[in-house]
Undergrad: 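Questions regarding the structure given below will be posed in turn.
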Amino acid sequence: MNYLEGLNDRQKEAVLHTDGPLLIMAGAGSGKTRVVTHKIAYLIEEKNIYPGNILAITFTNKAADEMKERVAELLDRDVDHMWMGTFHSICVRILRMNIDKIGYDRSFTIYDRADQITLIRECIQELNVDKSMYKEASVLSRISSFKDEQIDPEEYIKVNYSDYRERKIGELYQLYTKKLKQYNALDFDDLLLKAVELLRENKDLLEFYQRRFQYIFVDEYQDTNKIQYELIKMLSGKHGNICVVGDSDQSIYAWRGADIGNILNFEKDFPGARVILLEQNYRSTQKILDLANEVIKNNSERKKKRLWTDKADEGKIHYEQLSDSDREAHFVANKIHQLIYKGYKPKDIAILYRTNAQSRSFEDAFMKEDIPYKIVGGLRFYDRKEVKDIVAYLKVLQNPIDNISLKRIINTPKRGIGNVTIERIEDYANERGQSMYESILSVDNIDSLGAGAKSKVRSFLEMINGLMDKKDRLGLKDFVEEVIESSGYVKDLEKEDTVEARTRIDNIMEFLSVTINFQEKNEGEDLEEFLASISLLSDVDKTIDKDNLITMMTVHSAKGLEFNTVFLVGMEEGLFPISRSFDNEEDLEEERRLCYVAITRAEEHLYITNAKTRILYGRAGYSLPSRFIDEMGDFIERKPLIKSGREKTMSSGRQYTGTSRFGNTASNILGAKPREESKKDLDIQLGSKVKHRKWGIGTVVQIEDKENDKEIVIAFDKEGLKKLSLAVAPIEIV
DNA sequence: ATTTGTTCTTGTCGG
DNA sequence: AAGAACAAAT
């Protein structure tokens, strides 16, 4: 097979340059994935490189899987031995095998955001600092950047000793680090940091991996941070065959430490580096590219680059200003109906917004209009309490000295082990420098506990120990089932017998099927791998893309993706660009790059919308069109705004709040469907059979009076239980 | 010990 | 507007 077929000259050059450092400056849609996959195939097939000697780092696990698949397709053979994954998953893989060399146990736990918050809270309490002065989120973000820059706590405290606040932050960092170690846990930043430390302190191990990874690829290089740079610099140290792909105009993660300097200084960092610029775009129409170029040229800190295509200059970019966010959503819903009518598929359409909170009005509108959609990010399955609880059980069983997880489950479900008891155990454990689990192993020795508390703790301990026994004897799925059973978690929910409880049970069952899936896909992999894999999933990884659904997500999540039709919504000053970026030129340029990313996701159609009033942070307010819209100049169509009679009343200063959400408002200028009349007078009672536009037939099983409305619960034949508002739900009696 | 009600705070983006 | 922290009641 000829791996150069169908590539342009620049792309061919990139494929053929196999040895030595290479930077591919790949504009949006310039076929970089194609280049990388062809290059890997070329290496394996023509240069006889063993797949296990190739390492490719991508931004999401999904991207890694897709890349692997495409290479396998090109070669018509499996390439399972190739290392592909995100920085984090690659690091876990290395650490899992070797972390004992730097004093951790190989069964370490990975702490997610919520665990981090609990932990830092613990630290703030213990150090007795004013928690209104030291906010969890901001302390954590400081700690994150310390780790990125490899500043250790002691050093930081010393340097900033005279500055009280900074010293305290250093002390929090120190305590946080100490506790993580004590609990045998690593946070996301540690995964990178500890991998680097491990390799730095063990030369033979570094040598091993350097030998192994003869060819290294890094995608989305513009969004790598310092420590990631350090890691690839180390790993590529021997062979120097490092190929990075990126686009400085798409750097959108500076706020979490991404260093645009990595890509700008590549030639300096890797002497003899070759740079190849890919400017031909295969994704979008010229109109869309012109628009993107027009916006991004306003950034001062950039390498000049201009995307072009040989596609016809057809299609339009539509811009529409609506009076509020609900109308914006309805406008979009209407357009989508038209597109689908014309034969476009839902999966080719995406709604992109700046903040997750914006998804709400679109959800409402799409539900009413019967448009199939999925949301990436936002309310995440793995963030649900019940799922996190079960995961905490698993974490404890894998790594019992993880106090954070232990405290989460010791009284969940309620076992009569209250805060006081927990605190006493904790104090006892701290005094003796052991974990809470170790302390309760001999609970009888804890004198501060009463007889009642002791016996409750004892039975909790017996349950945990019983499960530990089974951990290695049962398969993953059977084990998780056993955990759900023995913990009494589901039993407790069943007793509750409410809709919420039943939804929770459903979610737990859903989690169980996740387990089954994992077990089938990864034969022989154990609990540790399972836990690691679920904590390292990105938002994009967590959504299924089999179904033919409209995608709604943030612009950040959309990085690397493409859609035939894109709706870029909420283009308002203060929202996009977000108000916090106003006083800082660098932040503003990042917002502009984000806008550039959004525009360049579109292949054929791009709709840009905004609203004149929006409820932001609980308050209705007026907003101006985004400055980016001004920058688009004549590249977008600006319709003169025709105001209908009622439209005028709405926008002439009347206080417009969320309550009018249910009002019978007029259809807007674009002919969005008028809202449905409220169905308060529908004769609904327990046992009524109803038909929902989306979920089909169901039976009313619960009715609750609400102000001006009724909240009803319907058991659908297919979809299970759903809670709906009678006033707005698209249902009718059958 | 746990549930329930009230006040207070906070507010992007994400592995 | 929503969630967390806190206080009071059962």
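Keep in mind the model is a prediction, meaning the values are calculated, not measured. Order of the sequence lines fixes the chain letters, A, B, ..., with proteins taken first and strands second; residue numbering starts at 1 for each chain. Just so you know, these numbers use all the heavy atoms, side chains as well, and skip hydrogens, waters and symmetry mates.
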Undergrad: Taking NZ, NE, NH1 and NH2 as the nitrogens, is one of them in A:R106 or A:E528 under 4.0 Å from a carboxylate oxygen of the other?
TA: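 Looking at A:E528 together with A:R106, the answer is no, because their closest N to O distance does not fall below 4.0 Å.
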Undergrad: Should the pair A:K612 and A:Y622 be classed as cation-pi, given the thresholds of under 6.0 Å to the six-membered ring centre and 45° from the axis?
TA: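 So A:K612 doesn't make the cation-pi contact.
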Undergrad: Which residues in residues 188-195 of chain A have a heavy atom closer than 4.0 Å to any atom of DNA chain B?
TA: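 The answer is A:F188, A:D189.
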Undergrad: Does a side-chain N or O of A:R121 approach OP1 or OP2 of C:dA5 to a distance below 4.0 Å, or not?
TA: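 Result: yes.
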Undergrad: Dot-bracket for DNA chain B, 5' to 3', counting Watson-Crick or G-U wobble pairs under 3.5 Å, with [ ] for crossing pairs and | for inter-strand pairs?
TA: ||||||||||.....
Undergrad: Would you kindly compare A:T60 and A:K456 by the position of their nearest DNA chain B nucleotide and give the one closer to the 5′ end?
TA: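 Going by which nucleotide is closer to the 5' end, it is A:K456.
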Undergrad: Taking 4.0 angstrom as the limit, do A:D219 and A:K32 come out as a salt bridge?
TA: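 Salt bridge: yes.
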Undergrad: Report which part of the nucleic acid A:T421 touches: base, sugar-phosphate, or nothing (heavy-atom distance under 4.0 Å, all strands).
TA: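 Sugar-phosphate contact only.
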Undergrad: Map A:N411 and A:N356 onto DNA chain B by nearest heavy atom, then report which one ends up closer to the 5' terminus.
TA: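 Per heavy-atom nearest nucleotide, the more 5' residue is A:N411.
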Undergrad: Excluding sequence neighbours, so at least two apart, what forms side-chain contact (heavy atoms from CB on, under 4.5 Å) with A:I260?
TA: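 Per chain and number, A:I260 pairs via side-chain contact (heavy atoms from CB on, under 4.5 Å) with A:S248, A:S251, A:I263, A:L264, A:R593.
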Undergrad: Could I get a table of every N or O pair under 3.5 Å where one atom is in the protein and the other is in nucleotides 6-10 of chain C?
TA:
from, atom 1, to, atom 2, distance (Å)
C:dC6, OP1, A:K131, NZ, 3.1

Undergrad: With a 4.5 Å heavy-atom cut-off, do A:V540 and A:F59 have their side chains touching?
TA: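 Not in contact.
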Undergrad: So A:S132, base contact, sugar-phosphate only, or nothing? Heavy-atom distance under 4.0 Å.
TA: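 Contact class for A:S132: none.
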Undergrad: Quick check for you: name the first and last nucleotides of DNA chain B, 5' to 3', having an atom under 4.0 Å from a heavy atom of chain A.
TA: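 On DNA chain B, the outermost contacted nucleotides are B:dA1 to B:dG15.
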Undergrad: Indicate yes or no: does A:R302 engage A:D249 in a salt bridge with an N to O separation below 4.0 Å.
TA: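 Yes.
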Undergrad: Considering only NZ, NE, NH1 and NH2 on the basic side and carboxylate oxygens on the acidic side, decide whether A:K491 and A:E494 come within less than 4.0 Å.
TA: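 The answer is no: the pair does not qualify as a salt bridge.
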Undergrad: Classify the ring geometry of A:F530 against A:F511: parallel below 30°, tilted from 30° to 60°, perpendicular beyond 60°.
TA: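 Tilted: the ring planes of A:F530 and A:F511 meet at 30° to 60°.
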Undergrad: Once you round to the nearest 0.5 Å, how far does CD1 of A:I120 lie from NZ of A:K131?
TA: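 So the gap between those two atoms works out to 13.5 Å.
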Undergrad: So what does A:F87 touch, heavy atoms closer than 4.0 Å: a base, only the sugar-phosphate, or nothing?
TA: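 Result for A:F87 = nothing.
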Undergrad: Is the Lys NZ or Arg CZ of A:R165 less than 6.0 Å from the centre of A:Y134's six-membered ring, within 45° of the axis?
TA: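 Positive - A:R165 is close enough to the ring of A:Y134 and near enough to its axis.
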Undergrad: Using atom C1' of each nucleotide, how far apart are C:dA4 and B:dC13 to the nearest Å?
TA: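 Result for the C1' pair: 22 Å, nearest Å.
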Undergrad: Residues in salt bridge (Lys or Arg N to Asp or Glu O under 4.0 Å) with A:D402, at least two apart?
TA: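 For A:D402 there are no salt bridge (Lys or Arg N to Asp or Glu O under 4.0 Å) partners, ignoring immediate neighbours.
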Undergrad: Hey, is A:D389 close enough to A:K385 for a salt bridge, meaning N to O under 4.0 Å?
TA: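 A salt bridge links A:D389 with A:K385.
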Undergrad: Strictly under 6.0 Å, is that where the ring centroids of A:F146 and A:Y176 end up?
TA: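 So the answer is no for these two rings.
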